[in-house]
Amino acid sequence: MADAQARDEVVRFTSDLIRIDTTNRGGGDCRERPAAEYAAELLAGAGLEPTLVERTPGRTNVVARIEGTDPAADALLLHGHLDVVPAEAADWSVHPFSGEVRDGVVWGRGAVDMKNMDAMILAVVRSWARQGLRPRRDLVVAFTADEEASAVDGAGFLADRHPHLFEGCTEAVGESGAFTFHDGAGRQIYPIAAGERGTGWIKLTARGRAGHGSKVNRENAVTRLAGAIARIGEHEWPLRLTPTVRAALTELAALYGIETGLDDVDALLDKLGPAARLVESTVRNSANPTMLEAGYKVNVIPGEAVAYVDGRYLAGCEEEFRATLDELVGPDVQWEFAHREVALQAPVESPTYRRMRAAVEEFAPEGHVVPYCMSGGTDAKQFSRLGITGYGFAPLKLPEGYDYQALFHGVDERVPVEALHFGVDVLDRFLRTA
C-alpha cells in the first residue's frame, strides 16, 4: 500500500493538473508544456532524470526511467496524456479548470480523462522514492501530448523519433480500465482493457456538375454524398468476436449464470442487461457519419460535397472494413482515411494481466474483474509500433451513480477523492508485483 503522503499528493496533483489548461482543440491548437514541466519537476523531486521532448514548440512530452533490480527483466511502460478535450464553462456546475475539491470530489476537465491517472503515477513514484523502493523491472514513465487529436505531437512522435527512450519495454499500462462498473443489481464489475478497436476516420468526397439550383441535375454532388452517407449509417455490421471480447462475454455469462452460448451473442447481450454496455460496442465494426460540408448558397448546386465518418474496426477486421466501405460508398463517391490507427489485442492469460487482476481484487474483494476491449483508442496504438503490448489500467473505485464512461468528455467531469486513494493503492500494489 502507498504511504499516507501519496494519498494526499494524488488529490493535490490531480487538482493542480486540472488547473493547467491543456485544452486540445485539434489542428495543433494546444500547449501541454506547463503541465509537462509540472510533471517533470515532481519526477525530478523523486530523484529521476526526466527528458522533455517536443516535435512542435509547446507540445511537450516527458519521459523518465526508474531502474529495476533485475536487469534481465523486460521493462514496463506507464503512460498518460496531458491534454484534454474542450469544455464550455457555462455548461458546468463548477468551472472546468478550477480543480476544485468540493464535498470529497475533485472537479474539472481531466479528472477522469486522464489527469487522475497522471497524478496516480506521480504519487506512486514519489512514494517509492521516500521509501527507498525499486521495482523488479525497469519502469518507463511517459506523459504525452496530443492524445486527444492525432498523437502526431505525442506518442506518435515519441515512437517514431525517440524509440531509445523505451528500450526494453515489452508491455505498457495506460488508460482506461479497472474502474467500478455498477450493474444496477448490486454487482461491481472492474473491466481491465486488453484490446482496442482500430481507428478509421474516413473522408468522403462526392463530385458532380455545378449548376443553378432551379435546373434538373442528375450529377448533383450533394445527392451522391447523401446516398453514400445514408447507406453507411444504416449498414448492419456482422458480428466479429476477437479473443478479448470472447473472453469478456464468457466471464460475464459465468458471472450472471447465463447458459446462452457465444453462437447467439445478441441473445446473450440481452440477458446481460446493463453489463452489456461493456461489450456491445466491440462485437462489430462500426461507421458513424459525423460531419457534412457542402455548398455556399441555397440556389447553387455545388460541384463537390464532403463528409466525415468515424469508423472503428476490430483486430483482424480492417480488410473487411475497407471492402465494406468500397461497396457502401459506390462508384460516384471516393473515400480515404483522414486518420488511421491499428486495432490492438493483448493476452488475458499473461502474468501482467493476472497481476492487475490480483491488485484490484485485493482492494475490492467484492468486485468482479473481467477483460474488455475499448471501443475507441489510446496512445497504446502508437507505442505498439515499438512492439509494446498495451493494457488499460487506471484503477478507480466509484460509488453507485458515477457513470465513468459518460464522464469521459462529458459535462461536470469529476472524480471522488476516495477513488483516487483506491487508485494509488491498487497501482502501487500492481507495480510492486509487476
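Index from 1, following the sequence. Remember, predicted model here, so these are calculated numbers, not experimental data.
Ion pair Glu413/Lys115 not flagged as a salt bridge, since none of the NZ, NE, NH1 or NH2 atoms sits closer than 4.0 Å to an Asp/Glu carboxylate oxygen. Using a cut-off of 4.0 Å between Lys/Arg side-chain N and Asp/Glu carboxylate O, Arg277 and Asp403 are scored as salt-bridged. Comment: Asp70 does not engage Arg137 in a salt bridge, judged by the lack of any side-chain N to carboxylate O separation of less than 4.0 angstrom. A salt bridge links Arg432 with Asp428: at least one charged nitrogen is closer than 4.0 Å to a carboxylate oxygen. Ion pair Glu320/Arg240 flagged as a salt bridge, since at least one NZ, NE, NH1 or NH2 atom sits closer than 4.0 Å to an Asp/Glu carboxylate oxygen. In this structure, Arg385 pairs ionically with Glu341, as a charged nitrogen and a carboxylate oxygen lie closer than 4.0 Å. With respect to the salt-bridge test (charged N to carboxylate O, under 4.0 angstrom), the residues Asp153 and Arg31 do not qualify. Ion pairing of Arg130 with Asp3 is present here, as a side-chain N (NZ or NE/NH1/NH2) and a carboxylate O approach within less than 4.0 Å.
For Glu259, the CD atom sits in a loose shell: 12 or fewer heavy atoms of surrounding residues, nucleotides or ligands are nearer than 6.0 Å. More than 12 heavy atoms of other residues, nucleotides or ligands shown are found within 6.0 angstrom of CD on Glu336. Surrounding CG of Asp29 are more than 12 heavy atoms belonging to other residues, nucleotides or ligands, all under 6.0 Å away. Annotation for Arg136: atom CZ counts as buried by contact number, over 12 foreign heavy atoms lying within 6.0 Å. For CD of Glu167, the number of neighbouring non-hydrogen atoms (other residues, nucleotides, ligands) closer than 6.0 Å is 12 at most.
Taking the six-membered ring for Trp and the full ring otherwise, the centers of Phe383 and His79 sit less than 6.0 Å from each other. Residues Phe430 and Phe393 bring their aromatic ring centres within 6.0 Å. Between Phe157 and His162, the distance separating the two ring centers is shorter than 6.0 angstrom.
Considering every non-hydrogen atom in both Arg224 and Val333, the closest pair reads O-CG2, 3.7 Å.
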Q: Apply side chain to side chain contact (heavy atoms under 4.5 Å, CB included) to Phe422 and Leu420, showing your working.
A: CA-CA 5 Å; Phe422 172 85; Leu420 295 172; over 6 Å; no

Q.
Asp332 vs Arg231, test: salt bridge (charged side-chain N to carboxylate O under 4.0 Å, His left out). Steps then yes/no.
A. CA-CA 13 Å; Asp332 297 322; Arg231 290 189 295 272; over 6 Å; no

Q: Please lay out, stage by stage, how Ser176 and Tyr404 fare under the test side chain to side chain contact (heavy atoms under 4.5 Å, CB included).
A: CA-CA 10 Å; Ser176 118; Tyr404 173 86; 3.2 Å; yes

Q.
Show, in sequence, the C-alpha distance, side-chain angles and deciding distance for Glu171 and Tyr391, and conclude whether the side chain to side chain contact (heavy atoms under 4.5 Å, CB included) test is met.
A. CA-CA 8 Å; Glu171 295 176 308; Tyr391 293 94; 4.1 Å; yes

Q.
Test salt bridge (charged side-chain N to carboxylate O under 4.0 Å, His left out) on Arg340 and Glu318; report intermediate values, then the result.
A. CA-CA 10 Å; Arg340 173 190 167 274; Glu318 182 178 348; 2.6 Å; yes

Q: Step by step, work out the salt bridge (charged side-chain N to carboxylate O under 4.0 Å, His left out) result for Asp425 and Arg429.
A: CA-CA 6 Å; Asp425 287 340; Arg429 174 61 65 200; over 6 Å; no

**Q.** Step-by-step side chain to side chain contact (heavy atoms under 4.5 Å, CB included) determination, Val125 to Leu42
**A.** CA-CA 9 Å; Val125 167; Leu42 292 174; over 6 Å; no

**Q.** CA sep, side-chain torsions, deciding dist, call: Glu400, Gln188, side-chain hydrogen bond (donor to acceptor under 3.5 Å, both in side chains)
**A.** CA-CA 9 Å; Glu400 189 96 36; Gln188 298 179 26; over 6 Å; no

Q: Go through the steps to decide whether Arg59 and Asp83 satisfy the test salt bridge (charged side-chain N to carboxylate O under 4.0 Å, His left out), and finish with yes or no.
A: CA-CA 9 Å; Arg59 309 303 305 276; Asp83 58 327; 5.1 Å; no

Q. Should Asp379 and His81 be marked as a side-chain hydrogen bond (donor to acceptor under 3.5 Å, both in side chains) after you check the CA-CA gap, both sets of side-chain angles, and the distance that decides it?
A. CA-CA 8 Å; Asp379 280 339; His81 61 84; over 6 Å; no

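Within the structure, side chain to side chain donor-acceptor pair (under 3.5 Å) pairs that include any residue of residues 85-99 comprise Ser93-Asp412 (at least two apart or interchain).
In this structure, the ring pair (Phe, Tyr, Trp, His ring centres under 6.0 Å) partners of Trp237, at least two apart in sequence or on a different chain, are His235, Phe321.
The closest donor-acceptor contact from the side chain of Thr180 to the backbone of Leu396 lies under 3.5 Å. When atom types are taken as modelled, the side chain of Arg197 and the backbone of Ser281 share a donor-acceptor pair closer than 3.5 angstrom. Panel note: side chain Asn285, backbone Leu314; a donor-acceptor pair is recorded below 3.5 Å.
Looking only at side-chain heavy atoms (C-beta outward), Arg414 and Arg102 stay at 4.5 Å or farther from each other.
Partner of Asp146 under the side-chain contact (heavy atoms from CB on, under 4.5 Å) criterion, chosen from Leu82, Val152, Thr56, Asn61: Val152.
In this structure, Arg126 is not positioned above the aromatic face of Phe13 in the sense of NZ or CZ being under 6.0 Å from the six-membered ring centre and within 45° of the axis.
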